[in-house]
There are 2 protein chains.
Amino acid sequence: MNINIYDVSKKAGVSIATVSRVLNGNAKVSEKTRDKVINAMKELDYTPNVFARGLGLNTMKTIGIMCIDSSDIYLANAVYYLEQELRKYNYDSILCCTGKDYNNKKNYLELLLSKRVDGIILAGSQFVENTSEHNNDYIINAAKDVPIVLVNGYLDADNIYSVMCNDEEAVYNATKLLINNSHRNIVYLYTSTSYSGMNKYRGYLKAINEAGITLPDEFHHLCGKNISHARDYLTYLYDKGMKFDAVMTSDDSIAAGAVKFAHTHGTRIPEDLEVIGYNNSVLSLCTEPELTSIDSKVEELSSCAVSVLMKVLSGEDADNHSIIAADIIKRNTTIF
Amino acid sequence: MNINIYDVSKKAGVSIATVSRVLNGNAKVSEKTRDKVINAMKELDYTPNVFARGLGLNTMKTIGIMCIDSSDIYLANAVYYLEQELRKYNYDSILCCTGKDYNNKKNYLELLLSKRVDGIILAGSQFVENTSEHNNDYIINAAKDVPIVLVNGYLDADNIYSVMCNDEEAVYNATKLLINNSHRNIVYLYTSTSYSGMNKYRGYLKAINEAGITLPDEFHHLCGKNISHARDYLTYLYDKGMKFDAVMTSDDSIAAGAVKFAHTHGTRIPEDLEVIGYNNSVLSLCTEPELTSIDSKVEELSSCAVSVLMKVLSGEDADNHSIIAADIIKRNTTIF
DNA sequence: TTGTACGCGTTATCAA
DNA sequence: TTGATAACGCGTACAA
């Protein structure tokens, strides 16, 4: 074990430079010596030491993937596709689940920098903050060291690249479909006030406003990602006597909660209540009826994110801002 | 950028040895010089080079996590908990999604070894093979280099540690509950012939046999992890006129498919058909009615896996074989 | 086409 | 308590 380049060079009767050349395959080496070296490597079961290589080249071809919570269905998909895509370029992925705490996010980002990753992908919209106490300087600063790609987040700063879904338009179009089905009382339930979260909300508002609809404040509500939260909130509205005939959501889990509500209140879906989910996750296939859902294209988003990052790392120009169009997948919680 | 230990030593007016000592905090350094060094570090914004450290110590405190598919709900949870747990010990996680192909698994395992990770966790039962063409030598060989922990897999070999759930007993108990509810025609649908998969199946068989029940071959069936697969297979049985009154499964997705079947055939759950899922995933909360499901304790499994690995890495004794007891979570697809 | 020698930034060993 | 210096194993400029 722990054979090094010297052992190989000795066995092959050449210098370490030649072994290195064979290893990296670029420089000219004669057929004969190449064979000798390769044989020696095989006999010794030699594996180059990645730490030494990393030290010399100052890279170990590693990308840091940060997300709030990789067990979340959407983020799990993102992480999966990101890893697969990075692997194609021979990059390793270091996973970092930060949770929602601001200081944790900050510390983990610094941790990744100290590991000297070649780039960082922030998966999910929850990294860009918009509050008075917290700001995004930690991301902007990190980007001075390595390129940073935001998947479903937006930040206009040097060496930061954004890959996003057209959330606003997607929700706008979906809401318009509901309006065209002569719904006026459309509840909007969402889980996040992130950049992407607010875009979705804007899409809803735009459609509502354009149709000249005014709704009480209770009709839009920030709720947790638990199925029961959405169910309970709709029950609350129902008990208050506030009539609604459609629910637009920012996540399938909320839509699943809306379906639960309907079941417990004898409300027929889609006849009495139409529901639209978001992310087109496996949840949309579990509910009864199955959810109409907006496909936010995680796979495309992830592959685009990696492709942008690879371009940047190889010194090519890359778009600072990429947008991918969502689809609406029609199932049985809507009539259209 | 790229300040090194020499820069710090110069600024602080000490030798690099002293800087290193301050950095690692073990050896004796006087209060005064320590302060000088720490100040110099801060002023220069020094970060130790992990590659150089890795080269010297021959470790970068990194664990490889392999899984078939990190977007699978169960594995996504496993990966999440593993990463969180490893982080507590200051280990990084390199994620590797291999897919089901044998050669891929093999190659990825070798890849991780070549990256010189300190240990490898194989998450999910699908790594240990039991076929004539394929065997588990690749894992056994890898274990000669680094400790390997199997989460939900079993292999009796040197430097390989198994952490498992008592799948057989869990399914046995659950099936007995169904039998006690005077069900005789219990279908068993499963997704995998892995070690863990076969244990579950054995649990079902044991309960059935003990009760003196004999069932046609069609009553146990290997089907895909798609909700529609299970639904379609049950439809096939139904159309063939084979009556069944309960479905035991090896995964919530199959159970969700069974619920789907019931919806499309006017079968009442749990009155006409009882269904039990496995893994107690978010799916079990989405279906209508919600799934009774076996909680296979991913979190405990993951934390146990990491704890075993950490013990091994620190030279302590560790159990070769750990077993964690599953729970059954009763919801509305069963009567008991 | 091949070989020599140095640099990469640590940690660790030995003297002082 | 501190300092000088040798590893660690690779890539590569330069020389041959």
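Here is the naming used below: chain letters follow the sequence lines, and residue numbers restart at 1 for every chain. This one's a predicted model, so the numbers in the text were calculated from it and none came from an experiment.
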- Message: Within a 6.0 Å radius of atom CD on A:Glu316, are there more than 12 heavy atoms belonging to other residues, nucleotides or ligands?
- Response: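 Yes, CD of A:Glu316 has more than 12 neighbouring heavy atoms, counting only those of other groups under 6.0 Å.
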- Message: Which is more 5' along DNA chain C, the nucleotide nearest B:Leu23 or the one nearest A:Lys32? Just name the residue.
- Response: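 Going by which nucleotide is closer to the 5' end, it is A:Lys32.
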- Task: By nearest nucleotide on DNA chain D, pick out whichever of B:Ala52 and B:Ser30 is the more 5' one.
- Result: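 So the residue in question is B:Ser30.
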- Between B:Leu55 and B:Lys28, which has a closest nucleotide on DNA chain D that is more 5'?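 Whichever sits nearer the 5' end wins; that is B:Lys28.
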Taking atom [atom2] of [N] as reference, at what distance in whole Å does atom [atom1] of [X] sit?
{"X": "A:Asn4", "N": "D:dG11", "atom1": "CG", "atom2": "C1'", "result": "14 Å"}
{"X": "A:Arg53", "N": "D:dG9", "atom1": "CZ", "atom2": "C1'", "result": "11 Å"}
{"X": "A:Asn24", "N": "D:dG11", "atom1": "CG", "atom2": "P", "result": "4 Å"}
{"X": "A:Ile3", "N": "D:dC8", "atom1": "CD1", "atom2": "P", "result": "13 Å"}
{"X": "B:Asn58", "N": "D:dA7", "atom1": "CG", "atom2": "C1'", "result": "13 Å"}

Verify whether one side chain among [X] and [Y] offers a donor that lies under 3.5 Å from an acceptor in the other.
{"X": "B:Ser194", "Y": "B:Ser196", "result": "no"}
{"X": "A:Asn104", "Y": "A:Thr98", "result": "no"}
{"X": "A:Asn39", "Y": "A:Lys36", "result": "no"}

- Query: So which heavy atom on A:Pro48 is nearest to which on B:Arg116, and how close?
  - Reply: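 Heavy atoms of A:Pro48 and B:Arg116 come nearest at O-NH1, 3.3 Å.
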[N], OP1 or OP2 - any side-chain N/O from [X] closer than 4.0 Å?
{"X": "A:Tyr6", "N": "D:dG11", "value": "no"}
{"X": "A:Asn49", "N": "D:dG9", "value": "no"}
{"X": "B:Thr33", "N": "D:dT2", "value": "yes"}

- Task: Would you check if the side chain of B:Asn49 reaches a backbone N or O of B:Ala52 as a donor-acceptor pair within less than 3.5 Å?
- Result: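 Looks like yes, one N/O pair under 3.5 Å.
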- Pair listing, ring-ring contact (aromatic ring centres under 6.0 Å, His included) test, anchored in residues 83-103 of chain A, at least two apart: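 Only A:Tyr102-A:His134, A:Tyr102-A:Tyr138 qualify under ring-ring contact (aromatic ring centres under 6.0 Å, His included).
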- Message: Per the ring-ring contact (aromatic ring centres under 6.0 Å, His included) rule, what does the pair list look like for residues 142-161 of chain A, sequence neighbours excluded?
- Response: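 Pairs touching residues 142-161 of chain A that pass the test: A:Tyr154-A:Tyr195, A:Tyr154-A:His321.
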- Could you tell me whether the side chain of A:Val163 reaches within less than 4.5 Å of the side chain of A:Asn152, counting heavy atoms only?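 A:Asn152 vs A:Val163: side chains apart.
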- Axis deviation across the helix from C:dT1-D:dA16 to C:dA16-D:dT1, five-pair ends, to the nearest 10°: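 Between the first-five-pair axis and the last-five-pair axis there is 40°.
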- Evaluate the criterion side-chain contact (heavy atoms from CB on, under 4.5 Å) for residue pair B:Asn130 and B:Thr193; output intermediate values, then yes/no. CA-CA 9 Å; B:Asn130 246 326; B:Thr193 55; over 6 Å; no
- Message: Does anything in residues 10-19 of chain A come within less than 4.0 Å of DNA chain D? Heavy atoms only, and list the residues if so.
- Response: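 When residues 10-19 of chain A is checked for heavy atoms under 4.0 Å from DNA chain D, the hits, listed by number, are A:Ile16, A:Ala17.
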- Task: Mind running salt bridge (charged side-chain N to carboxylate O under 4.0 Å, His left out) on A:Lys88 and A:Glu85 for me, showing each step along the way?
- Result: CA-CA 5 Å; A:Lys88 291 185 191 163; A:Glu85 207 63 29; 3.2 Å; yes
- Query: Can B:Lys61 and B:Asp92 be counted as an ion pair, charged N to O under 4.0 angstrom?
  - Reply: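 Between B:Asp92 and B:Lys61 there is no salt bridge, as every charged N stays at least 4.0 Å from the carboxylate O atoms.
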- In terms of side-chain geometry, is the basic nitrogen of A:Lys106 or A:Asp101 positioned less than 4.0 Å from the acidic oxygen of its partner?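 Salt bridge between A:Lys106 and A:Asp101, a charged N being under 4.0 Å from a carboxylate O: no.
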All N/O contacts under 3.5 Å from nucleotides 14-16 of chain D to the protein, with atom names and distances to one decimal?
none

- List the steps, then state whether side-chain contact (heavy atoms from CB on, under 4.5 Å) holds for B:Leu95 with A:Val79. CA-CA 9 Å; B:Leu95 181 61; A:Val79 168; 3.6 Å; yes
- Message: Can you give me the first and the last nucleotide of DNA chain C (5' to 3') that has an atom within less than 4.0 angstrom of a non-hydrogen atom in chain A?
- Response: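 Taking any atom under 4.0 Å from a heavy atom of chain A, the span is C:dT1 to C:dG9.
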